[in-house]
Amino acid sequence: MNTYDLIIQLALERGFYFPSSELYADASAGFWEYGPNGVRMKNKFLDLWRRELVRRDNMLEIDGSQIMSKSVFTASGHLSNFTDPVVKCKKCSSSFRADKLIQEVANVEVPERLANEFVDNLIKENNVTCPLCKGELSNAERFNMMFKIEIGPDHDEAYLRPETCQSIFVDFSRIYKVSRGKLPLGIAQIGKSFRNEISPRQGLLRLREFYQAEIEVFCNPSKLNDLSKFDDVKDTLLRFYDGHYLELSVQEALDRNILPNKLVGYYLALLVEFFEKTGIDKKRTRLRRLSDDEKAFYSTVAFDFEVDTSIGWLELVACNYRSDYDLKSHSVTSKTNLEVMDEEVKVLPHVFELSLGVDRCIYSIIEHSYFVDRENEDRAVLKLRPYLSPIHAGVLPLLKKPEFKKKSNKLVTLIQKDFDIFYDEAGSIGRRYRRLEEIGTPFAFTIDHQTLEDDSITVRYRDSMKQERIRIEDASSFLFANIYSYEKMQ
RNA sequence: GCGACGGUCGUCCAGUUUGGUCUAGGACAUCAGAUUGCCAAUCUGGUAACCCGGGUUCAAAUCCCGGCCGUCGCACCA
């Protein structure tokens, strides 16, 4: 079995994630839900993100609506740009991107945003037929990737947001004022986004409803190299890729013009340092600068943070320099001045964004942590960092006897408000260890005969399987020290 | 969305060719009990599935049609 299949099997069997509405046959693809272990892990991942990015850089976090008005997407460009002209063959009913087809067959440059009638005309003029069976083509139809929503009894048009950041742009002016912000200012948001993908596939990797953790850094475009905190990260190593790999410090990358300015370098460094703490193997990650035709329509400079998985390179974070595209268009559409004061100068901020796909990260972390221990009966171990593990520690009475239970309960009470604890008394002790490590639990506390005599317990380490004794009242400080410190575990 | 192939307990698989003996079998997992007492032990017992809808037939897991989902290829992927 390949790695992807092993991971999905683990996810299904252990309640990390599974298909939505699976009880019913009309459940459609692209919707997945997190089970108990998945939620625990996702929450911890998001905590880490908050800690290493939001708190570290004093960003402000908001939580916006998933449904937003039509005007928002008129301004953002999603209504016109997030749509593809599609034609169908009347004979074999294959469908094609109209613009690409015409371009290919007639060698005519076709703008993506061309109205349907013009597309139809081009097809007639150039005698474009179905490339598969030469059949006649239908009129062009628009396929917009946004989910359309109706509000209230009058069916007012609105949309599910295709990216979380639009609320940040729309809210920017108020947030900046009420929090007495200063440029550069990061505004962050975790939430669901929705895209009506034509063919969602591969579980959490391409969803129609998915979590994003986005950061929009608002900055003064004339001060992109005026950033004192840059020195904190200037030696951080970044791995670039443009056909070959290049590992450079942020400073070197700036000197070589691989990075456009200090601000971009600083935030890419924070991002890379964050990912080092997720347990994803740094050697299997890269920053890839996108070419012009790969970039999103709003982006001027774009890097993708990518990770190598068993099914190829996967984009985890899109890092786009969006310039003033968003604030300017919202400013024009809403007829509101969104300029702010930056040290006595009026400026329309530019935006650098770090748009992270949470679900893809969860998958990648699980895959990079999955390990089969060939030296110990092929035990499956999820070597998650302790602070990302769904369960922090197991509490296991060696024997299923009242006096062991009593001591176990005492221990559980002592630690369960601060940590995620799983109590398990069923089956052999070895089996219980194996079940815990399969979902990444870094520590197991065992209540044994000696516990009854001197209130000491065994700590068993997931990776090394080694054991040591600690006092029962030290369990809490043991966990604090070993979970929240980012030191390598034993 | 197109094409090919597929969908059976939580997971993996047998059964479909040739409709009936399938009241659907096994392994692992899981639950209960016994036993052991620090690394997936053993024994006994239990829970648990034919993707959905329609059709053919005396009879459908099995044949036919439609839908949904999955894998692969094509296309698509801010």
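Since this is a predicted model, take the numbers as computed values, not measurements. Order of the sequence lines fixes the chain letters, A, B, ..., with proteins taken first and strands second; residue numbering starts at 1 for each chain.
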Separation of [X] atom [atom1] from [N] atom [atom2], in whole Å?
X	N	atom1	atom2	value
A:Q9	B:C13	CD	C1'	12 Å
A:E209	B:C77	CD	P	22 Å
A:W313	B:C77	CH2	P	22 Å

Below 4.0 angstrom, N of the basic side chain to O of the carboxylate: do A:K407 and A:D455 qualify? yes
Any N or O donor-acceptor pair under 3.5 Å from the base of [N] to the side chain of [X]?
X	N	value
A:Q467	B:C38	yes
A:S28	B:C68	no
A:D26	B:C52	no
A:Y433	B:C38	yes
A:R460	B:C39	yes
A:R206	B:C76	yes

Closest heavy-atom pair and its distance - A:L268, A:L238: O-CD2, 4.2 Å
Looking at every heavy atom in both A:E306 and A:E315, which two are closest together, and how far apart are they? CG-CA, 4.2 Å
Using the C1' atom on both, measure B:U11 against B:A40 and round to a whole Å. 16 Å
Please determine whether a side-chain nitrogen or oxygen atom of A:K400 lies at a distance below 4.0 Å from atom OP1 or OP2 of B:G33. yes
Hey, what are the protein-to-nucleotides 26-29 of chain B N/O distances that come in under 3.5 Å?
residue	atom	partner	partner atom	Å
B:A29	OP1	A:R431	NH1	3.3
B:A29	OP1	A:R431	NH2	3.0

